There are 2 protein chains.
Amino acid sequence: MPNKPVSTWEDSREEFIAQWGALGSNWGINRTMAQIHALLMTAPEPMYTDEIMQRLHISRGNANTNLRELNGWGLIRLVVKKGERREYFEAEKDVWKMFIIIAKERKRRELDPALGVLKGCAEQTKGENAGPGRDFHRQMKELQEFVEFGMKVSDTVAGMKHASALQWAIKLLG
Amino acid sequence: MPNKPVSTWEDSREEFIAQWGALGSNWGINRTMAQIHALLMTAPEPMYTDEIMQRLHISRGNANTNLRELNGWGLIRLVVKKGERREYFEAEKDVWKMFIIIAKERKRRELDPALGVLKGCAEQTKGENAGPGRDFHRQMKELQEFVEFGMKVSDTVAGMKHASALQWAIKLLG
DNA sequence: TCTAACTTTCACAACTATCTGAAAGTAGGA
DNA sequence: TCCTACTTTCAGATAGTTGTGAAAGTTAGA
């Protein structure tokens, strides 16, 4: 009788972790952070630092930094097991919640500062009423309004429960 | 009589270019590319390579590379003036069109490859029907479906004219 | 209080991305 | 054809990011 292959899903998981790490880079997220996230997202149980270090072949400092960073994003959380000193980590696994966390964070990092710049530029040139100065002012205004608008949409969607978002989207797509 | 200040809008523009460049980095776009884009977006007339080099204090190679890259994105286009050899560049200024271009490109770069990975992992583990293997498979499936769904929404929105997108959004927000 | 199990920090090393500038390539027109 | 005005390429330099590992810091409980 041939041997049963040893857990195909573990191989697939390995693949997932590696690829997700690589994707992270195209994406503005550092490789280790993406890998840790992938690892925890697919972990049946919470894991602690040394397990993660071994599994991903990374140093303690690196593991620690990226775990804190992921925790800052809200994508993983600290778990304490009673009677144990060490900290375990587990990832948020609900896809919709993950999406909302990421959307909020990206908004904060990408949109908020951009809006500041645009507002400033629009404000400074609001007196321009002819020629290229006026055109510049208009463009800043348009960009500002567009960004504000995008932020509103993002807030609205992020405030939705998964079910109502789905319903809304079905209407849009249908 | 005090001197009239020399074009406040030019100062504001300078600021915009500098800040936009800095923002680009938080954003996964390289600084020079973002600066060139900001420069052209606010240029009353098309510009040519040497002007851009001087204005941003960058080398010829750098200017050339990033201009081609922006052209590849479709965010700027080449303009030839009759009777002139050299190439001029001008940016797309319509905010909605810019948004659509960027959304499409990000989808292609960020979502398409991720989808590939997820599909692969889901496929490989579709036989798992118990324990952590099944959970893994489920998670890959969920992620896959979510990404596919996101892509559909993105396509739908990108196919809209500005006016209908606005109308749709007003309904969403109202 | 002391120890041991753990977490955090940080100077430096390794790696990656970006930029430069000079040389090579290209094409319009004399 | 050759010159000239331009564009493209690319090897090496620079700058920026991420990772390492050992030392310092923290805290629970003996």
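Computed from a prediction, not measured in an experiment: that's the story for all the values here. So you know, we letter chains A, B, ... as the sequences are listed, proteins then strands, and number each from 1.
Counting to the nearest Å, the P atom of C/dG21 and the CD atom of B/Gln54 are 14 Å from each other. In this entry the distance linking CD1 of A/Ile52 with C1' of C/dT8 reads 15 Å, nearest Å. One can place CH2 of A/Trp27 at 21 Å from P of C/dT16, the figure rounded to the nearest angstrom. Distance OH (B/Tyr88) to C1' (D/dC6): 12 Å, rounded to an integer number of Å. The nearest whole Å value for the distance from the CD atom in A/Glu84 to the C1' atom in C/dA4 is 15 Å. Rounded to an integer number of Å, the gap from OH of A/Tyr48 to C1' of C/dC6 is 12 Å. For the pair A/Met53 CE and D/dG19 P, the computed distance is 14 Å after rounding to whole Å. Distance CZ (B/Arg60) to C1' (D/dC6): 8 Å, rounded to an integer number of Å.
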Donor-acceptor pairs under 3.5 Å, side chain of residues 159-174 of chain B to any protein atom, not counting sequence neighbours: which ones?
{"from": "B/Ser164", "atom 1": "OG", "to": "B/Lys161", "atom 2": "N", "distance (Å)": "3.4"}
{"from": "B/Ser164", "atom 1": "OG", "to": "B/Lys161", "atom 2": "O", "distance (Å)": "3.1"}

Tabulate below the donor-acceptor pairs under 3.5 Å that side-chain atoms of residues 44-51 of chain B make, not counting sequence neighbours, or state none.
{"from": "B/Asp50", "atom 1": "OD1", "to": "B/Arg60", "atom 2": "NH1", "distance (Å)": "3.4"}
{"from": "B/Asp50", "atom 1": "OD2", "to": "B/Arg60", "atom 2": "NH2", "distance (Å)": "2.9"}
{"from": "B/Glu51", "atom 1": "OE1", "to": "B/Tyr48", "atom 2": "N", "distance (Å)": "2.9"}

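At a threshold of 4.0 angstrom between heavy atoms, the contacts of A/Arg86 are confined to the sugar-phosphate backbone, with no base atom among them.
Remark: the backbone N or O of A/Lys126 is not paired with any side-chain donor or acceptor of A/Lys141 at under 3.5 angstrom. Checking side-chain atoms of B/Arg106 against main-chain N and O of B/Leu111 turns up no donor-acceptor pair under 3.5 Å. Not a single donor-acceptor pair under 3.5 Å links the side chain of B/Ser154 to the backbone N or O of B/Gly150.
At a threshold of 4.5 Å between non-hydrogen side-chain atoms, the residues B/Met41 and B/Met98 count as touching.
Non-hydrogen atoms lying under 4.0 Å from DNA chain D are contributed by B/Asn64, B/Arg68, all within residues 62-78 of chain B. For DNA chain C, the residues of residues 29-44 of chain B within the heavy-atom distance limit of 4.0 Å (strictly under) are B/Asn30, B/Thr32, sorted by number.
Residue pairs meeting the salt bridge (charged side-chain N to carboxylate O under 4.0 Å, His left out) criterion with at least one partner in residues 142-156 of chain B, sequence neighbours excluded, are B/Lys107-B/Asp155.
Counted within 6.0 Å of NZ on A/Lys81, heavy atoms from surrounding residues, nucleotides or ligands total more than 12; the atom is thus considered enclosed. Within a 6.0 Å radius of NZ in A/Lys93, more than 12 heavy atoms belonging to other residues, nucleotides or ligands are found.
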Protein and nucleotides 27-30 of chain D: nitrogen or oxygen contacts under 3.5 angstrom:
{"from": "D/dT27", "atom 1": "O2", "to": "A/Arg85", "atom 2": "NH2", "distance (Å)": "2.9"}

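Residue A/Thr32 holds its OG1 atom at 4.0 Å from CG of A/Asn62, rounded to the nearest 0.5 Å.
No hydrogens or angles considered: a donor-acceptor pair under 3.5 Å links the side chains of B/Thr8 and A/Glu128.
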